[in-house]
Amino acid sequence: MNKNIPCYMISDLLPLYQDDLLSEQTKKDVDDHLSECRDCKKKMDAAKMHIGVHTTNTEPKTDPLRKVRFYQKALTVLGAVMTFILGASYPIAVLGFTVLERGEIAPFQIERIKGLWYVFALKSCIAGIIVCAAYFLLVLLIRKMISKHTA
């Protein structure tokens with residue numbers, strides 16, 4: 001038994017010794033003590049047996065963020081549909097405001113709408129597409145800003 005370091009100190013140092021966290025001189029002193037003291041050597045061997053860690057490389061079978069990505073995509077599509085409808089209703093709103101200003105719709109306006117319904121529908125679709133494109137650009141900008149801040 002090494003007389004320089006008592007056994008109770010070696011017992012306290014064993015975990016640090018196993019993790020290789022001791023200075024070179026302290027490690028040498030512990031080695032010297034373990035080579036001479038059978039009791040401390042037994043403690044060291046017993047500690048090695050209890051520390052054995054079993055690791056398994058198990059991959060998750062499902063992606064935990066799969067639902068989140070699905071809901072993000074679903075909300076993006078829902079937002080696109082809503083913005084398209086809002087954009088497409090713009091020409092209808094313009095026509096409605098002119099009717100509200102006059103208090104009634106004139107017969108020539110009704111005939112004009114009946115004759116040019118396809119132009120009115122085309123204007124509605126174009127307005128819906130423009131607003132929907134602006135929505136997608138905004139979504140992309142927000143995603144880029146978020147990824148820049150998280151990186």
Side-chain angles (χ1 to χ4, degrees), residues 1-102 105 113 116-151:
M1 182 171 94
N2 188 350
K3 299 289 183 188
N4 296 335
I5 304 174
C7 289
Y8 70 89
M9 289 181 116
I10 295 296
S11 295
D12 291 343
L13 292 173
L14 283 180
L16 298 173
Y17 178 80
Q18 288 177 334
D19 293 337
D20 198 25
L21 298 174
L22 296 175
S23 67
E24 292 300 320
Q25 182 60 41
T26 308
K27 193 185 303 183
K28 185 177 181 263
D29 291 340
V30 171
D31 283 335
D32 291 343
H33 183 90
L34 290 174
S35 65
E36 296 174 6
C37 180
R38 289 185 182 173
D39 292 335
C40 291
K41 181 72 172 162
K42 286 179 184 177
K43 286 180 187 178
M44 175 72 171
D45 293 338
K48 282 183 182 177
M49 293 174 115
H50 293 302
I51 291 180
V53 177
H54 300 286
T55 59
T56 58
N57 292 334
T58 56
E59 302 262 339
K61 293 181 181 177
T62 59
D63 184 13
L65 296 177
R66 190 170 135 210
K67 280 186 178 181
V68 173
R69 288 189 197 105
F70 171 75
Y71 287 123
Q72 282 178 335
K73 289 176 185 175
L75 287 174
T76 303
V77 169
L78 180 65
V81 169
M82 290 173 59
T83 56
F84 179 82
I85 291 170
L86 288 173
S89 64
Y90 175 74
I92 298 168
V94 170
L95 179 65
F97 286 133
T98 58
V99 171
L100 285 175
E101 285 178 354
R102 293 186 182 169
I105 188 164
I113 291 172
L116 298 173
W117 65 269
Y118 55 91
V119 174
F120 189 71
L122 183 65
K123 284 183 178 180
S124 293
C125 286
I126 290 172
I129 290 170
I130 290 171
V131 173
C132 191
Y135 168 77
F136 275 119
L137 290 175
L138 183 65
V139 167
L140 289 174
L141 178 70
I142 290 171
R143 285 185 181 166
K144 188 173 184 176
M145 288 172 47
I146 289 172
S147 67
K148 187 182 277 187
H149 285 289
T150 58

K.L.:
Could I get the full list of side-chain hydrogen bond (donor to acceptor under 3.5 Å, both in side chains) partners for R38, not counting sequence neighbours?
P.N.:
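Expected list: none.
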
K.L.:
Measuring from T76:OG1 to F136:CZ, what's the distance to the nearest 0.5 Å?
P.N.:
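Taking OG1 in T76 and CZ in F136, the distance rounds to 7.0 Å.
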
K.L.:
Atom CD1 of I130 and atom OG1 of T83: how far apart are they, to the nearest 0.5 Å?
P.N.:
12.0 Å

K.L.:
Tell me, please, which residues at least two apart from D39 pass side-chain hydrogen bond (donor to acceptor under 3.5 Å, both in side chains).
P.N.:
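Applying side-chain hydrogen bond (donor to acceptor under 3.5 Å, both in side chains) to D39 gives none.
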
K.L.:
Got more than 12 heavy atoms from elsewhere within 6.0 Å of NZ, K27?
P.N.:
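More than 12 heavy atoms, drawn from other residues, nucleotides or ligands, come within 6.0 Å of this atom.
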
K.L.:
As an exercise, state the distance from NZ of K43 to CG of L34, rounded to the nearest 0.5 Å.
P.N.:
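CG of L34 is found 11.0 Å from NZ of K43.
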
K.L.:
Looking at every heavy atom in both P6 and H33, which two are closest together, and how far apart are they?
P.N.:
C-CE1, 4.4 Å

K.L.:
How long is the gap from SG on C132 to CG on L86, to the nearest 0.5 Å?
P.N.:
10.5 Å

K.L.:
So for atom OH, which belongs to Y17, do other residues, nucleotides or ligands contribute more than 12 heavy atoms lying within a distance under 6.0 Å?
P.N.:
yes

K.L.:
Going from CE on M44 to SG on C37, what distance comes out if it is rounded to the nearest 0.5 angstrom?
P.N.:
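It comes to 13.0 Å.
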
K.L.:
Pair L141, L137 - check side-chain contact (heavy atoms from CB on, under 4.5 Å), show working.
P.N.:
CA-CA 6 Å; L141 178 70; L137 290 175; over 6 Å; no

K.L.:
Please report the interatomic distance OG(S89) to CZ(F84), rounded to the nearest 0.5 Å.
P.N.:
10.0 Å

K.L.:
Which residues pass the side-chain hydrogen bond (donor to acceptor under 3.5 Å, both in side chains) test with S23, sequence neighbours left out?
P.N.:
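For S23 the side-chain hydrogen bond (donor to acceptor under 3.5 Å, both in side chains) partners, ignoring immediate neighbours, are T26.
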
K.L.:
So which heavy atom on C40 is nearest to which on L14, and how close?
P.N.:
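Looks like O-CD1, 4.3 Å.
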
